[in-house]
Chemist: 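First the structure, then my questions, so here it is.
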Amino acid sequence: MARRDGWALWAGVAATLATLVVVFYYPVASVFAEAFSAEGRLSLAPVLSVLSDPFYVDLFAFTAYQALLSTVASVLIGLPGAYVLARFEFPGRRFLRSVTILPFVLPSILVAVGFLAMFGRTGLFNDVLGIVGLGPVNLTFTLEIVVLAHAFYNAPLVTRLVTAAWESVDADRVETARTLGASPLRAFRDVTLPQLLPALATAAVLTFVFTFMSFPIVLALGGLELATVEVWLYSQVQSLDLAEAATLGAIETALSLGLLYVYLRYEATRTGSSSGDRGLSRRPLVDGARSLLDPLRLAMLAYGAVVLVLFAGPLVSLIVESVTTPGGQFTLEYYAFLLARQASTAAGTVQPFPAVVNSLLFGAATLLVAIPMGIVVSVVATREGRGTRTAEVLLTAPLAVSGIVLGLGMLQTLVFGTTLFGRRLTVTGPVAIVAAHAVAAYPFVSRSVTPALRSVDDRLGEAARSLGADRTTVLTDVELPLVAPALVAGAAFAFAISVGEFDSTVLLAEGVDTATMPVALERYTDDRSIGPSLGPATAMGTVLLAVTTVSFVLIDRVGGMWE
């Protein structure tokens, strides 16, 4: 029976690896092969040419510079939030802690349009400044707006990781330090801070990696004037200079893999050092009317106001701008524009309704591929034995590769075709897009399921095995029902990632037939046919926001019924 169980698991691993070989390793390897070859031979010349070119040196330096600024901004905005959530009790604290996950499920192109709607020349921010007689301020195509948009995504990541670490600080050790005469500041410096540093470093490294590989936000808010490696790589693909794009992609992937290794090292350190048995107690945020005069609490209220503007402002601006003219009058003209595009028969017109349908169908198909792959990776991650760590690393490698690099690799191999056994094989259209989405989504399923699977009491499985159940039956009948909430959460993430995916989709979508909502949104961003405002883009963005929210809630509700 054990032999049959082993076969079942390794069959799943083999199927997952085979899928990855076809839709991930082979395309990405083709990018590296292009980068390390010249005239059909192995050569470092292309890479050395890029690394010695002052233009590309400046490009990589600027990409790292904006990522560093974005990381600093994310930490500065996210850290106070972690302090408030970990050290104070107030109504809605658990809700606020939960919604820190929301930015991750929002399509990045949607957030970029939201920032344009808020901070653009005709945006809500300038409308408010005009009411009080100030402004206008134009942040469009500036580094500041790119950094702010990156902070929108990554400050909640800092808050979430550091809050968890702060809540697990061992209160006994802090109290012992105070008993020995340490002041509150010294107890924090000597006892609390060392326990927070691994989580803070993890959040900072992850933020740097994410912002280093950021694409839609920089494209929409900075354009080629503030081009990063990803944006320039995309422009090279658009110009059909695939060799140059492959070299850039290979160098960027090597850098991100190195940074991911640093992240994994810090994550291991954090896991090993979290030993708090009794967490620190939380104080009431408001403890009587006089507490409102406390400078610390006043500072936190000011922080809350800034955070509210930064995080709710772009989404509110998106909706408001979709129903108002640049002069502030109510209008439905932009939604009429979408209906007109839907009725148009002109060639090359991206129609909104097919884009919505495509996004939903691609999302559903992504779940069918990503969930089994994620479960297999989770089972491997919870196993002990020779080769399991190596297998886990191989199975989670897509986390370190950007969607643009994967899309370029798939374009060069599967879309343009590969000759195998004398036959030309091609994978195009929806199949290629779903494959790219599944590769991007399944690591989030496994990252959600693995901790839950590790927490399952082994005695339940052993009891089932003693009653005659094989390993597969234990997994499907005992363990998976116990981790159902985590699995649903992972599925919701996977679906949201598919619906919002833009990087590889914009390369793989053929014409307008396979355009998704993010691609349609990007097309409408450049459409000024009915005026200088972002009206059509904000209307399409509002539709995308509504579809994403409803889909996320539906999956969560279905998961609740299953639970």
Chemist: Quiz question: by atom type and distance under 3.5 Å, do the side chains of Y26 and T418 form a donor-acceptor pair?
Modeler: yes

Chemist: Taking all atoms of both residues into account, what is the closest heavy-atom pair of P352 and L338, and its distance?
Modeler: CG-O, 3.4 Å

Chemist: For the pair N154 (side chain) and T71 (backbone), establish whether a donor and an acceptor sit closer than 3.5 Å, ignoring hydrogens and angles.
Modeler: no

Chemist: Search all heavy atoms of L124 against all heavy atoms of E321 and return the closest pair with its distance.
Modeler: N-OE2, 3.8 Å

Chemist: When you measure from the side chain of S317 to the backbone N and O of G114, does any donor-acceptor pair fall under 3.5 Å?
Modeler: no

Chemist: Strictly by modelled atom types, are S70 and T211 linked by a side-chain donor-acceptor pair under 3.5 Å?
Modeler: no

Chemist: For H437 and T505, test the side chains for any donor-to-acceptor distance below 3.5 angstrom and give the result as yes or no.
Modeler: yes

Chemist: Do T228 and Q66 have side-chain atoms, one donor and one acceptor, less than 3.5 Å apart?
Modeler: no

Chemist: Atom CG in L59, atom CD in E230: separation rounded to 0.5 Å?
Modeler: 10.5 Å

Chemist: Looking at M118 and G313, what are the two nearest heavy atoms and their distance?
Modeler: SD-C, 3.4 Å

Chemist: At what distance, to the nearest 0.5 angstrom, does OG1 of T366 lie from CD of E501?
Modeler: 9.0 Å

Chemist: Between T548 (side chain only) and L545 (backbone N and O only), is there a donor and an acceptor less than 3.5 Å apart?
Modeler: no

Chemist: Is there a donor-acceptor pair under 3.5 Å between the side chain of S322 and the backbone N or O of I319?
Modeler: yes

Chemist: Counting C-beta onward and ignoring hydrogens, is there a side-chain heavy-atom pair between T542 and L318 closer than 4.5 Å?
Modeler: yes

Chemist: Does atom CZ (F24) have a neighbourhood of more than 12 heavy atoms from anything else shown, all under 6.0 Å?
Modeler: yes

Chemist: For S359 versus T516, what's the shortest heavy-atom pair and its separation?
Modeler: OG-CB, 3.3 Å

Chemist: From L76 CG over to L79 CG, what is the distance, rounded to the nearest 0.5 angstrom?
Modeler: 8.0 Å

Chemist: Do I433 and M410 touch side chain to side chain, with heavy atoms closer than 4.5 Å?
Modeler: no

Chemist: What I'd like to find out is whether the side chain of L106 reaches to under 4.5 Å of the side chain of F152, using heavy atoms alone.
Modeler: yes

Chemist: With a 3.5 Å distance limit and no angle check, can you tell me whether D53 reaches the backbone of S49 through a side-chain donor-acceptor pair?
Modeler: no

Chemist: Pair L233, V405 - check side-chain contact (heavy atoms from CB on, under 4.5 Å), show working.
Modeler: CA-CA 9 Å; L233 195 159; V405 173; 4.3 Å; yes

Chemist: Is it the case that the ring center of F210 lies less than 6.0 angstrom away from the ring center of Y153?
Modeler: no

Chemist: Going from OG on S37 to CG on L44, what distance comes out if it is rounded to the nearest 0.5 angstrom?
Modeler: 11.0 Å

Chemist: Are the side chains of F36 and L42 in contact, using a 4.5 Å heavy-atom criterion?
Modeler: yes

Chemist: Take V499 and M517 through the side-chain contact (heavy atoms from CB on, under 4.5 Å) test and state the conclusion after the steps.
Modeler: CA-CA 8 Å; V499 170; M517 284 191 287; 3.8 Å; yes

Chemist: Would you say that R341 contacts V350 through its side chain, given a criterion of any heavy-atom pair below 4.5 Å between the two side chains?
Modeler: no

Chemist: So how far is it from T247 OG1 to L51 CG, rounded to the nearest 0.5 Å?
Modeler: 9.5 Å

Chemist: Parallel, tilted or perpendicular: which one describes the rings of F215 and F502, with boundaries at 30° and 60°?
Modeler: parallel

Chemist: Could you pull out the closest heavy-atom pair between L221 and A149, with the gap in Å?
Modeler: CD1-CB, 3.6 Å

Chemist: Rounded at 0.5 Å granularity, tell me how far CD1 in I404 sits from CD in Q236.
Modeler: 12.0 Å

Chemist: Checking side-chain contact (heavy atoms from CB on, under 4.5 Å) for the pair I145/T140: CA distance, chi angles, key distance, verdict?
Modeler: CA-CA 7 Å; I145 195 171; T140 310; 5.5 Å; no

Chemist: Would you please indicate yes or no on a ring centroid separation below 6.0 angstrom for W232 and F62?
Modeler: no

Chemist: Do L68 and F208 come within less than 4.5 Å of each other through their side chains, counting heavy atoms only?
Modeler: yes

Chemist: Run the numbers on V218 and Y234 for side-chain contact (heavy atoms from CB on, under 4.5 Å), then give the verdict.
Modeler: CA-CA 12 Å; V218 181; Y234 172 69; over 6 Å; no

Chemist: Any side-chain heavy atom of T253 sitting closer than 4.5 Å to one from F32?
Modeler: yes

Chemist: Taking C-beta and beyond as the side chain, do L69 and V146 meet within less than 4.5 Å on heavy atoms?
Modeler: no

Chemist: Between Q342 (side chain) and F353 (backbone), is there a donor-acceptor pair under 3.5 Å?
Modeler: yes

Chemist: G541 and L110: which non-hydrogen atoms are nearest, and at how many Å?
Modeler: O-CD1, 3.2 Å

